[in-house]
Amino acid sequence: MALLDALNDKQRKAATIIDGPVLILAGAGSGKTMTLTHRIAYMVEKGIPAQNILAVTFTNKAAKEMSERVRRLLRGRSLIIPIMGTFHSVCVKILRREIENLGYKRSFVIFDSSDQQTLIKKAIKDLGYDTKKVSPNGVHGIISRNKNHMITAEGFSEMAGSFIEEIAAKVFIKYDAELKEHNALDFDDLLLKTVELWTKHPDILKKYQNAFRYVLVDEYQDTNQVQYTLLKMLTAEHRNLCVVGDDWQSIYAFRGANVQNILNFEKDFKDTRVILLEQNYRSTGNIVAASNHIIRKKQKQKDKKLWTIEAAGEKIGVFQARDEKDEADWVARKMIGLPTAAEESLPDDGELTYVSEETSILDRVMNTKSFQDRRAVQKMSEDVARKIRSGEINFAQYVILYRTNAQSRAVEETMIHHGIPYKLIGGIRFYERREIKDMLAYLRILANPNDWVSMERIVNVPPRGIGARSWLKIEQFCREQGLLFTEAAKREIPGVMTKSWLALKEFAEDWEDVMVKAETLNPVEILDMVAKLTGYKDMLIDGSEEGEMRWENIQELKTVMGKFSGKTGVEGLLAFLEETSLVADTDDIDETTNAVTMMTVHAAKGLEFPEVFVIGCEEGLFPHSRSLLSPEEMEEERRLFYVAVTRAKKRLHLLFTAQRTIYGATQVNEPSRFLADIPEQLKHEKQTAKNLW
C-alpha cells in the first residue's frame, strides 16, 4: 500500500496490526511519531470510522503535530480526522457533557495554578494556620501528588503521618469542598472526575467505550496511575489499545509517572502483541553504541537493542576541565572555533633570546614563539567576533544540557563574555529568576537604603501584610520626611492602617538587626543571614521540588560571591553587586533562531541536535546526590543520562570537572559512573588544561 511505503518492516507491522492490545516499544530516534501517524491514517483508509479513533498524547504541541501529519497523509482520502488531544483536553470534553451526573454544572471553571494557590491559602487561614509557617505551595504539592495516585482527601486524612501531612489533610478536605462550592475543578480533577463519572455511571462509560473503539497513546511510559486507570476502563470492552513508548526514556517520576505501566503492559492486557522499533535514524554509529552500553546496566527494562546503518562518525568526546568556568569556556571556544585552553597552552620554548645589544627588548619579545602564538590567537578572536556579529556561525546546531538549572549560571556568563547568542528552553536566565532578583533586591537595600525600587519589590516578600497601597503611602511619607523605612516605622504614618503599620514595624526591627550584623560579615555570610532573618529561606523550602530548586539557585549566588570573601560589610556587597550588574543586564542577548540552545536534560526529551554538550557529568550532580541511596532513583538517573546522550545526531561531548564550585561550596567529585559505561574504543578522553590536580 502506497501509504506505508515510507516505513521499514517493523514500522509497517506496527502500523497494520489493528485489533487487540499492541505495545510498540520505540527506541530513541526510531521514528515512532511517523509510525503512529501512519497507523492512524491506515486505520481510516481501511474503513474504520475516524470518529471511533482516539489518539492521546501529553502536550498540546505533540497533539497538534500529530493531527497535522495525519491530515496530510489523509488528504484526498478522508474529510474527517480522528480525535486527537491530551488526556486533560479529552476529559474536559467528556465532562462538559456529563458532569451534571456528579452534581456540578456544565459551566464549571478550571482553576489554574494561581487560582489553586489562592484557594489553598484561604483554606489554610480559615483553618487557623499561618501561611508563613504552613507553605501553600508545599501543601498544594502534597494534594496534587495524592490526586495523581488516586488518593482522596478522606483517604489521605487516614494515612497522614507527620504534622505537616495532618495539616495538609485538613486543607485537602476544605480545598475540595471549596472547589465544589465554586463549581470548579483543578487540572488533577479533570482526570479524577472522569474516572469517578465512569465508576458511578457504567452506562456513561459504555457510551464512550462504543464511541472510542480504537485508542492510541503516545509516550505511554509517562502515564501515571489516573491515566492508566482511565485507559483500562475505556478499553475494557473492545480491548483495541495501542500504546507507543520507551521504558528507557521514562524520566518523569517526580511528576507522578510510573514506569511500571509500560513494563507491566503485557500482564495487564492479555494477548498483547509486542513490536520493537530498534533502528535508529537519528545518530551516528558510535553514539548509538554508547547509548546501548549506558542503558544495558538498567535493572528493570524491556529487552531491545538500538542499531543504525549510519557511519560510526566521530568518537564520543569525554573531557575533564579544571572547574565550571574552564568547562564553560571550553564549550564556548569549541563552538566558535577558538583554541581551547589545552590547545592554547604554550610550550616552554618562549624564552627571550638576546641576539645583540642593539636589538630592542620589544623586538626580542615580539620575536618569541610565545608572543607570536598569542598574536595569532588574538587575531583569531577578532575574526570570530566579526563572524558572530555577521551571523556566519550556525549556533542553532548546538545544545548545552545540564542536570540542574543552577548550572546554567557559569555557562550564561561565559556566553555573554564571548558574545555568543543563546536561549534557555523551559527556564529563565539565571539573573532573571524571581528568587535571584528578590535576593539581589534585599542586598541592594543593605548597600543603599534609599533604593526604593528594590524596597517595593521585597517589602511584602515573604507576605507580611504590607499591601501595594499601604507601601505607596509609606514610601511617599519617607520621601517627604527624608526618612529611611526603618525610621518611618517608628512614627505614625498618615493613611496607613494599623495592621500594615505593625507589619512594617516588625519588618523594620528585623532589618535593623540585619544591618548591624552585616557590618562584620562577608557577602556569603550576609546572604545566609538575610535569607534566614527575613523568612525568605523558609518561604522557599516548603517541601516542594520547585522550592528546593529555587533555593539551590540562591545558593548558587554564593559561587559568585566567593571571590569577595575577603571583604566585609557594604564594601563587599558593593563589589559583588557591581560584578553581577555586568552580567545581569542581558536585554541585548539575541533571541533569534541562530542561538545556542541551553536546557535541562528533562526539557530536552523529544528533541535532537547535530552537536550536544552535556556538562557536569560527575557523581553527585549527574547522577544527582538525591539518587545515590535510592536504587529506583538511580535507575531514573541512568535513563535520564541515556536521554541526554541520544539527543545527539553527529557529535557528542561529555564534560566533567576536577573541582566544581556550586551552591557556594567547592566540591571534588568523581567522574560520573555513566562515563565508565562507555567502552574506551568509542570515546576519546582529554583534559582541557594541564596540571588539573
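Heads up: numbering here begins at 1 and tracks the sequence.
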What pairs with Phe187 under ring-ring contact (aromatic ring centres under 6.0 Å, His included), at least two apart in sequence or on another chain?
-> none
Before giving the answer on side chain to side chain contact (heavy atoms under 4.5 Å, CB included), spell out for Asn405 and Thr600 the whole-Å C-alpha distance, their side-chain angles and the decisive distance to 0.1 Å.
-> CA-CA 6 Å; Asn405 275 309; Thr600 64; 3.5 Å; yes
Pairs flagged by side chain to side chain donor-acceptor pair (under 3.5 Å) wherever residues 607-619 is involved - sequence neighbours left out | Arg282-Glu608, Glu611-Arg651, Glu611-His653, Glu618-Thr657, Glu618-Arg660, Glu619-Arg673
Heavy-atom nearest pair, Glu432 first then Lys437, reads CA-CE, 3.9 Å
Please check if the side chain of Lys232 supplies one atom and the backbone of Asp268 the other of a donor-acceptor pair under 3.5 Å.
-> yes
Determine, stepwise, if the pair Ile294 / Ile678 fulfils side chain to side chain contact (heavy atoms under 4.5 Å, CB included).
-> CA-CA 6 Å; Ile294 289 165; Ile678 304 174; 4.0 Å; yes
From Arg403, His624, Arg626, residue fulfilling side-chain hydrogen bond (donor to acceptor under 3.5 Å, both in side chains) relative to Glu637 | Arg403
Going by atom types only, do Tyr642 and Gln249 share a side-chain donor-acceptor pair under 3.5 Å?
-> no
When every non-hydrogen atom of Pro623 is compared with those of Ser672, the smallest separation belongs to CD-OG, 3.5 Å
Measure across Ala290 and Ile316 and return the closest heavy-atom pair with its distance rounded to 0.1 Å.
-> CB-CG1, 4.1 Å
Where the side chain of Glu324 meets the backbone of Thr661, is there a donor-acceptor pair that is under 3.5 Å apart?
-> yes
Thr229 (side chain) donor-acceptor with Gln225 (main chain) under 3.5 angstrom = yes
Arg255 NZ/CZ over Tyr252 ring centroid, <6.0 Å and within 45° of normal = yes
Is it true that Arg639 and Glu632 make a salt bridge, defined as a side-chain N closer than 4.0 Å to a carboxylate O?
-> no
Ser408 and Leu424: which non-hydrogen atoms are nearest, and at how many Å?
-> OG-CD2, 4.5 Å
With rounding to the nearest 0.5 Å, note down the distance linking SG in Cys242 to CZ in Phe269.
-> 12.0 Å
Check the pair Gln227, Asn224 against side chain to side chain contact (heavy atoms under 4.5 Å, CB included), reporting the backbone distance first and the verdict last.
-> CA-CA 5 Å; Gln227 291 157 344; Asn224 61 23; 3.3 Å; yes
What are the two closest heavy atoms between Gly606 and Arg647, and how far apart are they?
-> N-NH1, 3.3 Å
When every non-hydrogen atom of Thr35 is compared with those of Ala15, the smallest separation belongs to O-CB, 4.3 Å
Determine yes or no for a side-chain-to-main-chain donor-acceptor pair under 3.5 angstrom, with Thr37 supplying the side chain and Met34 the backbone.
-> yes
Can you tell me how far CG of Asn594 sits from CD1 of Ile393, rounded to the nearest 0.5 angstrom?
-> 8.5 Å
Walk me through it: do Ile275 and Lys13 pass the test side chain to side chain contact (heavy atoms under 4.5 Å, CB included)?
-> CA-CA 8 Å; Ile275 301 155; Lys13 183 179 179 183; 4.2 Å; yes
Between Glu165 (side chain) and Gly161 (backbone), is there a donor-acceptor pair under 3.5 Å?
-> yes
Pairwise distance NE2(His140) to OG(Ser135) - rounded to 0.5 angstrom | 11.0 Å
Output yes when Asp528 and Lys558 qualify as a salt bridge under the 4.0 Å nitrogen-oxygen rule, no when they do not.
-> yes
Is Lys304 close enough and on-axis enough to Trp248, meaning under 6.0 Å and within 45°, for cation-pi?
-> yes
Please check if the side chain of Lys297 supplies one atom and the backbone of Asp677 the other of a donor-acceptor pair under 3.5 Å.
-> no
Salt bridge or not for Arg69 and Glu65, using N-O below 4.0 Å?
-> yes
Rounded to the nearest 0.5 Å, how far does CD of Glu636 lie from CD1 of Ile251?
-> 7.0 Å
Flag the pair Val215 / Leu231 as yes when at least one side-chain heavy-atom distance between them is below 4.5 Å, and no otherwise.
-> yes
Any sub-3.5 Å donor-acceptor pair from Asn292's side-chain atoms to Lys305's backbone N or O?
-> no
Decide whether Asp329 and Thr414 meet the rule of one side-chain donor and one side-chain acceptor closer than 3.5 Å.
-> no
N/O donor-acceptor pair under 3.5 Å between Thr308 side chain and Asn280 backbone = yes
Atom pair NZ (Lys605) and OG1 (Thr646), whose distance is rounded to the nearest 0.5 Å | 10.0 Å
Any Phe656 side-chain heavy atom under 4.5 Å of Glu327 side chain | no
Donor-acceptor pair between Asn8 and Tyr281 side chains, under 3.5 angstrom = yes
Test ring-ring contact (aromatic ring centres under 6.0 Å, His included), reference His602, set Phe254, Phe622, Tyr402, output is Phe254
Decide if atom CD of Glu670 counts as having more than 12 heavy atoms of other residues, nucleotides or ligands within a radius under 6.0 Å.
-> no
Side chains of Glu219 and Gln221, donor plus acceptor under 3.5 Å | yes
Lys334 NZ/CZ over Tyr398 ring centroid, <6.0 Å and within 45° of normal = no
Give a yes or no on whether the backbone of Glu278 and the side-chain of Ser30 come within a donor-acceptor separation of less than 3.5 Å.
-> no
Between Arg39 (side chain) and Ala14 (backbone), is there a donor-acceptor pair under 3.5 Å?
-> yes
Residue Lys650 excluded, over 12 heavy atoms near NZ under 6.0 Å = no
Side-chain donor-acceptor pair under 3.5 Å between Gln260 and Asn258, yes or no?
-> no
Output the distance between atom CZ (Phe613) and atom OG1 (Thr597), rounded to the nearest 0.5 Å.
-> 12.0 Å
Do Leu655 and Trp330 have side chains that get closer than 4.5 Å, going by heavy atoms?
-> yes
Using 30° and 60° as the class limits, which term best fits the ring planes of Tyr220 and Phe265: parallel, tilted or perpendicular?
-> perpendicular
